[in-house]
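The structure appears below as structure tokens.
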Amino acid sequence: MTGDVADPRVVGDRILDGKEILRRVVPSAKSKAGVPANGAFFPSPDRRQESLAEPAIEAFMPGGPKSRDNGGLSTHREWKSPREAYLDFVTPDRPAIGTWGVMVSECEGQNLPTYDDGGIGERPKSHATVWFPDVSDQSRTKGRRVYERIGLELCSAALSRECLYRPDSEAL
Amino acid sequence: MQSSKVLLSVATAGTVMFAPSFVAAPSVRVEPMVLSKSADNYASPVTATTRVFSVRAHTSVGGNVKQSPKAVAMAKLEMLRSLGPGWDGPGSLPLDDSSSRQYLEFLSKVMDTRTNDAEPLLTDEGLIRLEWRSNGFSYSAEIGPDSLYMCALAPRATDDDDEELNHYDLDRLLRFFERGELR
């Protein structure tokens with residue numbers, strides 16, 4: 001089954017259970033004092049305009065001028081334990097501080113549909129994507145500001161239910 | 001035993017070496033990094049010991065251990081520098097050298113009382129990002145090699161505002177950081 005035909009970015013099946021808590025692993029580099037930052041809860045903003053000299057992220061985006069994740073925030077389905085989600089992500093070259101959760105209804109409340117796209121392409125079987133709005137028709141800063149606001153809301157929601165898994169207890 | 005090994009590794013990796021004069025010889029304590037994965041998933045042991053999850057730096061003053069915010073920020077920057085391509089999955093870029101240098105210049109001008117707000121984060125594009133909160137606002141800034149993005153999220157979303165420059169401007173960043181002024 002394909003996703004929302006109005007949004008060509010989307011694949012997979014829409015997640016309908018609003019109470020499901022999706023798992024989001026937070027990289028160490030997107031945390032402050034061991035707490036996730038807003039930046040851990042939104043995908044790379046659109047990098048369309050070439051007038052601003054920035055790293056060539058477009059080089060990592062075959063088939064289009066948008067950012068590599070194309071407005072999708074990677075998470076895992078609830079059936080994946082927070083610990084497993086963490087261990088699947090982390091390597092010595094990909095440090096992370098732990099796993100937090102965002103509820104499907106919280107995403108829907110921000111007008112963000114969530115899709116199970118596990119096993120499609122190179123995505124792991126438990127993968128789910130939270131689709132941020134396509135802001136390609138908006139000005140660069142306006143679209144970016146939208147992502148910042150959503151990131152703040154999702155981060156606040158995740159922090160309100162506290163961390164689902166931290167490696168501390170088994171670390172040393 | 002393992003924590004001692006980590007401590008030595010990070011100390012010799014240059015955390016202190018890169019510290020500017022305002023950092024009073026911090027000792028660095030690195031917190032959890034050990035993973036329960038099979039050994040064949042790891043890089044060499046030397047590499048593994050330089051990868052950290054969180055870093056706290058402390059200075060010793062008169063026998064009491066006192067945290068130095070700027071030492072913490074420097075240690076965090078070193079951690080970010082240690083990350084290679086793919087640190088946040090495919091396509092994520094390592095820290096840009098220019099962004100790193102401009103952050104250091106910025107940090108040197110930040111008052112001690114605000115240094116906690118200046119802890120560096122890393123974007124998938126390899127840029128330094130800052131986030132802090134004040135008076136109900138959530139602020140963020142991204143330092144590019146030739147760009148500066150500043151965003152102020154207000155208590156009411158309709159009052160959100162941001163500004164993006166196609167050049168880096170330290171004075172503008174400091175004004176935004178110190179007084180919340182976007183323009």
Side-chain angles (χ1 to χ4, degrees), chain A residues 25-34 37-40 43-45 47 49 51-57 59-61 67-69 74 83 86-98 122 139-142 144-149 151-153 155-156 166-172, chain B residues 2-3 31-37 41-43 47-56 72 76 79-80 83-84 86-93 95-96 116 119-127 129 131-132 138 140 142 144-147 149 151 153 157 160-167:
Chain A
V25 180
V26 176
S28 304
K30 292 186 176 180
S31 69
K32 276 185 73 175
N38 298 344
S44 298
R47 299 288 179 187
Q49 296 186 10
S51 58
L52 296 174
E54 293 181 333
I57 190 69
F60 295 87
M61 297 176 291
S67 59
R68 67 179 174 84
D69 45 34
S74 283
R83 182 177 183 275
Y86 173 85
L87 294 176
D88 275 4
F89 176 89
V90 77
T91 71
D93 295 323
R94 291 203 305 189
I97 59 169
E122 296 181 354
S139 71
R140 178 186 173 86
T141 54
K142 185 177 179 185
R144 189 162 185 179
R145 193 164 67 237
V146 167
Y147 276 32
E148 292 276 350
R149 166 55 66 174
L152 171 65
E153 300 295 343
C155 187
S156 298
R166 269 187 198 274
D168 304 25
S169 58
E170 59 187 63
L172 297 175
Chain B
Q2 197 136 13
S3 60
E31 297 188 342
M33 67 155 294
V34 179
L35 306 174
S36 55
K37 283 188 121 174
N41 285 336
Y42 286 97
T47 302
T49 54
T50 61
R51 305 302 186 211
V52 297
F53 292 105
S54 62
V55 178
R56 293 178 186 172
V72 172
K76 179 70 174 293
M79 188 276 276
L80 299 182
L83 298 174
W87 61 271
D88 188 22
S92 48
L93 301 176
L95 176 57
D96 178 89
N116 286 337
E119 181 179 331
L121 310 169
L122 186 60
T123 71
D124 287 352
E125 292 75 34
L127 308 184
R129 176 180 169 92
E131 286 187 16
W132 69 97
S138 178
S140 62
E142 288 183 17
D146 295 300
S147 64
Y149 176 73
C151 181
L153 300 178
D160 291 350
D161 198 4
D162 63 357
E163 179 81 351
E164 185 157 31
L165 310 179
N166 59 3
H167 63 280

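Residue numbers start from 1 in every chain, and the chains themselves are labelled A, B, ... in the order their sequence lines are given, proteins ahead of strands.
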Any side-chain donor near an acceptor of the partner, S138(B) and N38(A), under 3.5 Å: yes
Inter-residue atom distance E119(B).CD - S31(A).OG, 0.5 Å rounding: 7.0 Å
Euclidean distance, D88(B) CG relative to R94(A) CZ, rounded to 0.5 Å: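 Answer rounded to 0.5 Å: 8.0 Å.
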Pairing of R144(A) and E164(B) as salt bridge, 4.0 angstrom limit: yes
Residues R145(A), D160(B): salt bridge by 4.0 Å N-O rule: no
All side chain to side chain donor-acceptor pair (under 3.5 Å) counterparts of D161(B), not counting sequence neighbours: R183(B)
Under 4.5 Å from any heavy atom of chain A - which part of L80(B): side chain
Note, W87(B) side chain near T91(A) side chain (heavy atom, < 4.5 Å):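 No; the side chains remain at least 4.5 Å from each other.
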L83(B) vs S28(A) side-chain heavy atoms within contact, under 4.5 Å: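 In short, these two side chains do not touch, never coming nearer than 4.5 Å.
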Salt bridge (Lys or Arg N to Asp or Glu O under 4.0 Å) partners for E153(A), two or more places apart: R149(A)
Nearest atoms (heavy-atom pairs only) where E148(A) meets S140(B): OE1-OG, 3.1 Å
